[in-house]
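In listed order, ligands and their atoms are each counted from 1. Heavy atoms only: backbone and side chains are in, while hydrogens, waters and symmetry mates are out.
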Amino acid sequence: MKIWQLRDRARETLARETGYVQKPHGGRLRVALAFPNTYYVGMSSLGFQTVYRLFNQIDEVVCERVFLPPKQELREQVASGAPLLTLESQTPVGEFDVLAFSVSFEWDYTNVVSMLRLAKVAPRAADRSPRDPLVVIGGAVTFVNPEPLALFADVIAAGEGEVLVPDLVSVMRETSDRADQLTQLAPQRGFYVPSFYDVRHAADGTIAAFEPRTGSGAPPRVRKAAVRSADRLDPPATSIFTPDTEFGSRFLIEVVRGCANLCRFCWAGYNYLPVRAFPADRILELAAEARRYSSKAGLVSIALCDHPEIERILRSLLEMGYSISPASLRLDDLTEPIVQLLKQSGERSITIAPETGSDRLRRVINKTVTNDEILEAADVIFRNGIDNLKLYYMIGLPTETDEDLTAIRDLTVQMRDVMMKHARPRGHVGRIVGSVNPLIPKPGTAYQWIPMEDPAITDRKAKRLRQLLAGIDNVYFSIKSERHSYYQALLSLGDRRVADTIEAAERNGGQWRAAAAETGLDADFYIFRDRSKDAVLPWDIIDGGMKTTFFENEFQKGLREEWTLPPKRQKENLKLLPVLE
Ligand code: SF4
């Protein structure tokens, strides 16, 4: 593949876009912003688009995008030795001052390595020269557990782009020497420089300590960077429209950040606290501006209805002629007016997450809704004319028994009965589609110490559920067993010793089992080990704002089947929320 062909392709892509930014490079800090997956996937990422906007709204910065080429193109490009180019000016990525990755999924870790190779930048930070771009890795996944990517990054950006982008730019503007850049970033909130730490291991292979190198200025723990309030912030919203993405030309906008429900397994809930609502007027202004490019609004928030003005926002979007699709709705959000507004906007399906079938197990995981409330929510959904319901369940939860599996079947059947009651008079029956996944204990949650369930047990449970759910009319289930999640768990729970395996998997086309064998990695050590006695967890290097004692108490309360009610239900629990200073 010739470089002129790559340039032509980039220009064709740009010709189909609206809203991209092109600036002259002269005198500006040059940032190549990489999404470690294809254009089709990356352009659907609101986080990626937001970081692009944040960089480019600083006059002294020019930020251009770069993506992983699609499979065939990637093969040709590797074979021809053609360099990785940015989209906007088709400049080789290696010529930029900063190469910043926005990583949303663990599966993309191998793509980070592929893109570095393609850019002709050494994948390991230790092998780079000061002439290479500063490789900064950020994104949702890395601020939960940055360690598996630590050796590939000069700097890990831990936290929210609104704080990190201006701080990174000001250090880069003031320094030209690589050592200086790292030394200036290391003490700042949200910047983790992995090479400034020695990791000491105990005899059993667990981490004994992260030791900051003398004179590096690196803190014992890196505090996550987060905005205190979103009151005066522009909400993240689609700024580049293209038909060539997963969501087509949908206008995506973040309405409220965080969720205060404190489900004990949920890293997104714990990690985006406190809940912060973006200004409704600004949301509506941006939506009005975007209306000429799009007639579909995707509301990206894990707790949409925690926005105090959500009904006004939905009504106004409808009046602008948008059809609205929420990412997912919390069960306690499903009020009559909300469901009616969604129905009016043309929504035919609603997704909810009961997580499990029994009230008992829901108390264990702190999902603070009951089966009665779920059935009431199903009634609200179906009586307002929504046809289809999508359900998320998990298996492998602490204390789960066969009765809990039967309860998944029973609850689903009861929801189906509600659907039939409302569908029959209309003469049109929809579908209930369920999805069951094994629990992956996540860093930064009350389950961060527990092993993933024994695969033989999860397989048995998956099989049992398939039997229980077979042959129920209008109900369709996809049930995944542990095998699908095993290596994803490794990338969630691993430490920097996983780097060799990531590189091997990148070389062998994603054959993780072979990659682990080739590099002598004992993946079970990370996935199936009780970590409660570990002195230090890999992700402890980042201080996410939650106290360890809080997670320990939450875990114990779960075993006692006790809820920690969210503030919405019990005001005094506000004190449990880790308010970031
Ligand atoms: S309701 Fe629970 S699972 Fe859903 S986002 Fe909030 S904390 Fe997470």
Heavy atom of the protein closest to atom 8 (Fe) of ligand 1 (residue, atom name, distance) = C266 SG, 2.3 Å
To which protein heavy atom is atom 1 (S) of ligand 1 closest, and what is the distance rounded to 0.1 Å?
-> R330 CD, 3.3 Å
Where is the nearest protein heavy atom to atom 4 (Fe) of ligand 1: which residue, which atom, and how far?
-> K367 NZ, 3.9 Å
Counting heavy atoms not belonging to K343, are there more than 12 under 6.0 Å from its NZ?
-> yes
Going by distance alone, is a donor N or O of one side chain under 3.5 Å from an acceptor N or O of the other, for T399 and R360?
-> yes
May I ask you to check whether C263 brings an N, O or S atom to under 2.8 Å from atom 8 (Fe) of ligand 1?
-> no
Go through the side-chain N and O atoms of N384 and H422 and say whether any donor and acceptor fall under 3.5 Å apart.
-> no
Any donor-acceptor N or O pair under 3.5 Å, side chains Y393, N437 | no
Among all protein heavy atoms, pick the one closest to atom 6 (Fe) of ligand 1 and tell me residue, atom and distance.
-> C259 SG, 2.2 Å
On the ring face of Y476, is R431 found with NZ or CZ under 6.0 Å from the centre and within 45° of the axis?
-> yes
Any F265 heavy atom less than 4.0 Å to ligand 1 | yes
Within a distance under 4.0 Å of any heavy atom of N261, pick out the atoms of ligand 1 and give their elements.
-> 1 (S), 6 (Fe)
Side-chain donor-acceptor contact under 3.5 Å, S325 with K296 = no
